[in-house]
Visitor: 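The structure under discussion is supplied below as structure tokens; questions concerning it will follow.
To find a chain, count down the sequence lines: A is the first, B the second, and so on, and within it residues start at 1. Since the model is a prediction, treat every value here as computed from it, not as a measurement.
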Amino acid sequence: MTERYDPKTIEPKWQKVWLEEKTFSVREDPAKKKFYALVEFPYPSAQGLHVGHPRPYTAMDVVVRKRRMQGENVLYPMGWDAFGLPTENFAIKNHIHPAIVTKNNIDRFRSQIQALGISFDWDREVNTTDPAYYKWTQWIFLQLYKKGLAYKKEMSVNWCTGCKVVLANEEVVNGACERCGSDVVRKEKSQWMLKITEYAGRLIDDLEGLDYIERVATSQVNWIGRSHGAEITFGTTAGDEMVVYTTRPDTVFGATYMVMSPEHPYLKKWAGQLKNLDAVAAYQDEAAHKSDFERTELSKDKEKTGVRLEGVAAINPATEQEIPIYISDYVLASYGTGAIMAVPGHDERDYAFAKKFGLPIVEVVAGGDIEKEAFTDCETGVMVNSGFLDGLSVDEAKKEITDWLVRKGKGEAKTNYKLRDWVFSRQRYWGEPIPMVWCDSCGWQPISEDQLPLELPYIEDFEPTAEGDSPLARHDEWVNTTCPKCGGPGKRETDTMPQWAGSSWYFLRYCDPDNAKAIADLEKLAYWMPVDWYNGGMEHTTLHMLYSRFWHKFLFDIGVVKTKEPYMKRTSHGMILGEDGQKMSKSRGNVVNPDDVISEFGADTMRVYEMFIGDFEKTAPWNTASIKGSRRFLDRVWALQDSVSSEKGVRPQLEAPVHRTIKKVTNDVEHLKHNTAIAALMSLLNDFVAAGGPTKDEYKVLIHLLNPFAPHISEELWQRMGYGGQVAAAKWPEWDEAKTVEDTIEIVVQVNGKPRGHITAAADIGKEEALAMAKADEGIQKQLADKQIVKEIWVPGKLINFAVKG
RNA sequence: GCGGGUAUGGCGGAAUUGGCAGACGCACAAGAUUUAGGAUCUUGCGCCGCAAGGUGUGCAGGUUCGAGUCCUGUUACCCGCACCA
């Protein structure tokens with residue numbers, strides 16, 4: 001009798017072997033097919049790993065361990081996305097420097113991940129806070145700046161009136177500061193912006209040909225929000241022209257008023273002519289307290305608000321009538337031109353607004369009942385009350401009016417995107433310094449590339465300043481420098497980059513992590529890129545994914561990378577919820593720590609459990625009681641070594657189960673259906689037990705197929721059984737299709753779709769013979785008695801259905 | 001509000017994509033073994049019913065010989081919404 005299964009000795013033993021022998025380190029090898037598998041690198045938080053992290057790491061580890069055994073050259077790296085707000089806040093609260101917090105957190109994360117036996121190539125670890133890394137993050141920013149894709153703009157930020165700092169949206173709870181509870185207002189601040197909108201069209205179009213799961217692709221398309229319409233120029237009594245964007249230029253005759261966002265620059269310009277300046281200012285102040293999110297929220301019981309501008313009116317270019325202008329917070333400064341033409345008859349929000357303020361509602365598309373509600377159907381409507389457009393369909397009218405506007409010089413066709421430019425400045429310490437210098441005579445100047453990295457100075461007072469600037473602004477010795485252009489006095493930009501920056505290109509650095517001369521060597525990039533398979537959370541679908549695709553496309557345009565897309569395939573894992581079915585969080589107290597699971601059950605059990613828990617793409621609640629089942633499975637695999645017979649080969653009665661399992665596991669793993677693959681392994685184990693134990697060769701197949709899921713125990717058993725070498729280096733088993741099928745099969749017999757019996761027959765039985773057998777069956781005869789067969793359905797090898805009457 | 005999802009036993013989940021619903025596991029029950037069990041093994045296990053049988057995939061309709069799967073409508077819940085990452 002062998003000793004009990006003891007993961008506490010087995011697991012560290014093999015983890016040590018892997019690290020010392022560098023089992024999973026790779027080099028470029030043109031002779032082998034490369035496979036670049038990527039999982040999102042974590043933000044190393046002070047809480048350490050929680051059981052949600054290992055789910056994607058393990059799932060991809062299963063794939064790559066299998067691919068290696070199939071002879072592929074696998075790159076599977078890991079690193080740290082370590083700049084960011086939580087670390088800074090933790091540092092402020094606990095008076096420990098963020099650099100130290102970060103180092104400690106990374107060390108903890110690394111050892112926790114290694115304890116899970118994930119086969120990462122630890123020689124390629126990257127860290128976004130390492131100056132040798134962020135040198136290149138800054139370099140990319142400079143290239144963007146040189147190509148005109150980085151610019152400064154006044155943007156509104158969340159300003160805490162109590163703490164006097166800029167807050168992240170997350171730190172604002174119900175309009176108040178999360179920490180001090182003070183009022184949060186919107187405040188204008190000059191910010192660095194990146195022109196991701198310039199790439200909006202390509203970010204949609206190039207999705208074609210990529211293997212992204214559908215919900216990811218759809219989300220990105222919707223987030224970018226391409227729409228086709230027109231820009232129309234309205235005149236005003238103030239003399240200025242107002243340009244609006246609309247997807248419904250056909251309805252311009254029905255535009256009975258205009259609405260601008262409360263932040264619209266004309267309001268300042270028109271101050272002298274506005275007769276109700278106080279009311280306008282009061283409304284602007286009110287709007288400043290709301291986020292865009294709150295402002296666009298449209299619920300039936302929520303009344304529209306707004307103020308009519310007195311003293312200035314607009315002129316509808318189609319009707320040439322004067323129409324009033326309102327300001328209202330349902331119009332956002334950040335979308336379109338920050339002003340709209342309102343067509344209450346054919347837009348729901350305009351309709352609600354018009355009803356509230358008693359504005360005229362004109363029907364210009366017939367087909368609905370505008371007495372009751374806005375008519376928004378573009379398919380069936382016919383133009384009315386629209387001069388030369390009358391009688392046209394909506395589509396025809398769109399074209400006709402656009403041509404007319406162009407001829408009159410009052411508009412043009414325009415494609416618009418919901419996507420906004422990327423706000424790239426953070427008034428924080430723990431981020432990459434933006435490598436720009438302000439010179440009073442030369443304006444903003446990029447620092448010279450040979451000055452990179454521009455290191456983040458080590459300071460002790462990393463709390464934001466009272467003016468809302470980054471804490472770096474307090475350090476004159478760092479801020480004061482010379483202008484790179486004229487050599488005169490200059491001041492450094494004190495804002496830092498957002499955490500998204502470092503994560504927008506990290507997959508490139510893994511290809512050549514120590515390169516001091518370039519982002520990565522071109523040949524190495526050519527070998528490894530693009531990433532063949534990228535798995536990550538749904539929460540990164542629109543931000544991180546689009547930011548990194550944008551940067552990659554830019555680097556492609558300037559010749560740094562050779563592929564226009566970074567990721568060929570994207571899959572997404574579901575979250576692991578707490579035992580109570582709620583999101584794991586410290587405040588709910590439902591966080592499960594993987595260390596505890598490993599120490600009680602072992603890493604292999606943890607891995608098998610997380611892969612067995614359910615559909616990888618769906619959220620799944622943690623269940624401590626269920627883990628036992630996974631451990632019991634491994635215990636039984638371990639115990640089976642004692643009943644292995646000396647017989648060779650696969651016995652005939654086990655051929656079908658063995659070959660079917662090889663096939664199922666091989667296919668399921670590629671589709672991340674690890675749960676059903678494990679179920680198949682459990683079934684094979686049950687078959688072996690039922691057969692009184694496996695032969696040495698049968699057992700070998702089980703151990704081999706188990707290896708990607710439970711690498712430690714399988715490596716140990718492989719060694720004990722003397723199969724030779726390590727499983728990790730053994731060739732993945734193959735199945736013989738002919739051996740997966742049985743010669744006799746069971747066919748279900750239904751009457752009116754209800755199963756009423758079975759017949760057992762040869763696998764290749766024909767229709768007539770099968771029907772005859774079914775009719776001969778006693779139970780079926782009873783069902784068919786006194787009935788008339790109307791139809792006989794035959795699904796070869798599977799099913800017979802008699803449709804009967806009477 | 002906008003966008004993306006989900007719904008199957010007491011629980012986690014399977015179902016070759018229109019063909020025997022509940023694989024595999026957890027929990028539970030009975031039995032065996034054991035000084036003992038939070039160990040191991042055997043058997044049972046959707047619901048109603050002694051049974052025959054009936055019924056059953058959020059809810060209401062529909063298509064079909066046949067629907068968890070397709071269509072129409074509906075409800076509930078989850079995720080994201082641009083400075084958390």
Visitor: Measure CG/A:D615 against C1'/B:U8 and give the value in whole Å, please.
Guide: 14 Å
Visitor: Using whole Å, report how far CG of A:N158 lies from P of B:C81.
Guide: 13 Å
Visitor: Which is true for A:S425 with a 4.0 Å heavy-atom rule: it touches a base, it touches only sugar-phosphate, or it touches nothing?
Guide: base
Visitor: Of all the choices, B:G3, B:C79, B:A82, which nucleotide is nearest to the side chain of A:L543 once you look at every atom?
Guide: B:A82
Visitor: How would you label the contact of A:V166 with the nucleic acid (heavy atoms, under 4.0 Å): base, sugar-phosphate, or nothing?
Guide: base
Visitor: May I ask you to say what A:H544 touches in the nucleic acid, namely base, sugar-phosphate or nothing, with a heavy-atom cut-off under 4.0 Å?
Guide: nothing
Visitor: If we call it a pair only when both distances are under 3.5 Å in a Watson-Crick or G-U wobble match, what pairs with B:C47?
Guide: B:G54
Visitor: Among A:L546, A:I196, A:L207, A:T542, whose side-chain contact (heavy atoms from CB on, under 4.5 Å) with A:I224 holds?
Guide: A:L546
Visitor: Picking from B:C84, B:U40, B:G12, which would you name as closest to the side chain of A:L85?
Guide: B:C84
Visitor: I want to check one thing: is the phosphate of B:C11, taken as OP1 and OP2, less than 4.0 Å away from some side-chain N or O of A:K628?
Guide: no
Visitor: What is the separation between atom CG on A:L577 and atom P on B:C79, rounded to the nearest whole Å?
Guide: 8 Å
Visitor: Taking atom P in both B:G68 and B:U63, what distance in whole Å separates the two?
Guide: 16 Å
Visitor: Checking the side chain of A:E746 only, and the main-chain atoms of A:H758 only, is there a donor and an acceptor separated by less than 3.5 Å?
Guide: no
Visitor: Side chains of A:Y547 and A:S503: donor-acceptor distance under 3.5 Å anywhere?
Guide: no
Visitor: Whole angstrom is fine here: how far is it from NE2 in A:H674 over to P in B:G13?
Guide: 17 Å
Visitor: For the pair made of CG in A:L684 and P in B:A23, what is the distance, rounded to whole Å?
Guide: 18 Å
Visitor: Applying a 4.0 Å non-hydrogen cut-off, can you work out what A:L419 is touching in the nucleic acid: base, sugar-phosphate, or nothing?
Guide: base
Visitor: Is there a Watson-Crick or G-U wobble partner for B:A7 with both distances under 3.5 Å, and which nucleotide is it?
Guide: B:U75
Visitor: Which nucleotide wins on minimum distance to the side chain of A:N675, given the candidates B:G25, B:A14, B:A82?
Guide: B:A14
Visitor: Determine, using ring centers only, whether A:Y609 and A:F601 are less than 6.0 Å apart.
Guide: no
Visitor: Under 4.0 Å, counting only non-hydrogen atoms across every strand here, what does A:P86 touch: a base, just sugar-phosphate, or nothing?
Guide: sugar-phosphate
Visitor: Output yes when a side-chain donor or acceptor of A:T58 lies under 3.5 Å from a complementary backbone atom of A:R55, and no otherwise.
Guide: no
Visitor: Of the nucleotides B:A39, B:C20, B:C83, which one has an atom closest to the side chain of A:R632?
Guide: B:A39
Visitor: Under 6.0 Å between the ring centres of A:F83 and A:Y134?
Guide: yes
Visitor: Give me the distance, rounded to whole Å, that separates B:C79 from B:G25 when you measure between the C1' atoms they each carry.
Guide: 28 Å
Visitor: Picking from A:K152, A:Q427, A:K153, what satisfies side-chain contact (heavy atoms from CB on, under 4.5 Å) with A:Q191?
Guide: A:Q427
Visitor: If only side-chain N and O atoms of A:K664 are considered, is one of them under 4.0 Å from the OP1 or OP2 phosphate oxygen of B:A14?
Guide: no
Visitor: Checking side-chain polar atoms at under 3.5 Å, does A:W505 have a donor or acceptor matched by the opposite partner on A:T137?
Guide: yes
Visitor: Using OP1 and OP2 only, check whether a side-chain N or O of A:R636 sits under 4.0 Å from B:C41.
Guide: yes
Visitor: Which is more 5' along RNA chain B, the nucleotide nearest A:V157 or the one nearest A:A679? Just name the residue.
Guide: A:A679
Visitor: For the backbone of A:T541 and the side chain of A:Q220, can you confirm whether one donor and one acceptor N or O come within less than 3.5 Å of each other?
Guide: yes
Visitor: Is there a donor N/O on one and an acceptor N/O on the other, under 3.5 Å, for the side chain of A:E88 and the base of B:C84?
Guide: no
Visitor: Look at all strands and tell whether A:V749 reaches a base, only sugar-phosphate, or nothing, counting heavy atoms closer than 4.0 Å.
Guide: nothing
Visitor: Do A:F424 and A:M497 have side chains that get closer than 4.5 Å, going by heavy atoms?
Guide: yes
Visitor: As a test of reading the structure: which of B:A15, B:A82, B:C11 is closest to the side chain of A:N623, going by heavy atoms?
Guide: B:C11
Visitor: Which whole number of Å gives the distance between the P atom of B:U34 and that of B:C47?
Guide: 34 Å
Visitor: Using whole Å, what does the distance between atom P of nucleotide B:C26 and atom CD1 of A:I613 come to?
Guide: 14 Å
Visitor: Looking only at the side chains, is there a donor atom on one of A:N416 and A:S227 sitting less than 3.5 Å from an acceptor on the other?
Guide: no
Visitor: A:S156 and side chain to side chain donor-acceptor pair (under 3.5 Å): which partner among A:R186, A:E263, A:K189?
Guide: A:R186
Visitor: Nearest nucleotide by nearest heavy atom, which residue falls closer to the 5' end of RNA chain B, A:S630 or A:D635?
Guide: A:S630
Visitor: Polar atom pairs between nucleotides 33-36 of chain B and protein, under 3.5 Å, N or O only, would you list them?
Guide:
none

Visitor: What form does the base of B:G9 take, syn (within 90° of 0) or anti?
Guide: syn
Visitor: Check the chi torsion on B:U8 and let me know: syn if it falls within 90° of 0, anti if not.
Guide: anti
Visitor: Can you tell me the Watson-Crick or wobble partner of B:A21, both distances under 3.5 angstrom?
Guide: none
Visitor: Measure from the side chain of A:K798, starting at C-beta and using heavy atoms only, and say which of B:C24, B:U16, B:U55 lies closest.
Guide: B:U16
Visitor: Expressed in whole Å, how much space separates the P atoms belonging to B:U64 and B:C48?
Guide: 35 Å
Visitor: Of all the choices, B:C20, B:G25, B:C83, which nucleotide is nearest to the side chain of A:F612 once you look at every atom?
Guide: B:G25
Visitor: Could you give the distance separating B:G46 and B:G56 at their C1' atoms, to the nearest angstrom?
Guide: 8 Å
Visitor: Across all strands, who's sitting opposite B:G31 as a Watson-Crick or G-U wobble pair, both distances under 3.5 Å?
Guide: B:C41
Visitor: What's the closest nucleotide to the A:K618 side chain, out of B:A7, B:C83, B:G80?
Guide: B:A7
Visitor: Do any N or O atoms from the side chain of A:R660 and from the backbone of A:T740 form a donor-acceptor pair under 3.5 angstrom?
Guide: yes
Visitor: Less than 4.0 Å between a side-chain N and a carboxylate O, is that true for A:R4 and A:D6?
Guide: no
Visitor: A:W622 CH2 to B:G12 C1': how many Å, rounded?
Guide: 12 Å
Visitor: Tell me which nucleotide among B:C20, B:C79, B:G5 gets nearest to the side chain of A:R215.
Guide: B:G5
Visitor: It should be established whether A:R420 places a side-chain nitrogen or oxygen under 4.0 Å from OP1 or OP2 of nucleotide B:A82.
Guide: no
Visitor: Could you write nucleotides 63-71 of chain B as a row of B, S and -, 5' to 3', where a protein heavy atom under 4.0 Å of any base atom gives B, of only sugar-phosphate atoms gives S, and otherwise -?
Guide: --BS-----
Visitor: Does B:A82 have a Watson-Crick or wobble partner in any strand here, with both distances under 3.5 angstrom, and which is it?
Guide: none
Visitor: Taking the same atom, C1', in B:U8 and in B:A67, what whole-Å distance lies between them?
Guide: 14 Å
Visitor: Measuring only the P atom in each nucleotide, how far is B:G66 from B:A21? A whole number of Å is fine.
Guide: 14 Å
Visitor: Using the P atom as the point on both nucleotides, what is the distance between B:C77 and B:G22, in whole Å?
Guide: 31 Å
Visitor: Calculate the interatomic distance between A:M538 atom CE and B:C81 atom P; express it in whole Å.
Guide: 12 Å
Visitor: Nearest to the side chain of A:K673, heavy atoms from C-beta on, is which of B:C83, B:A15, B:A82?
Guide: B:A15
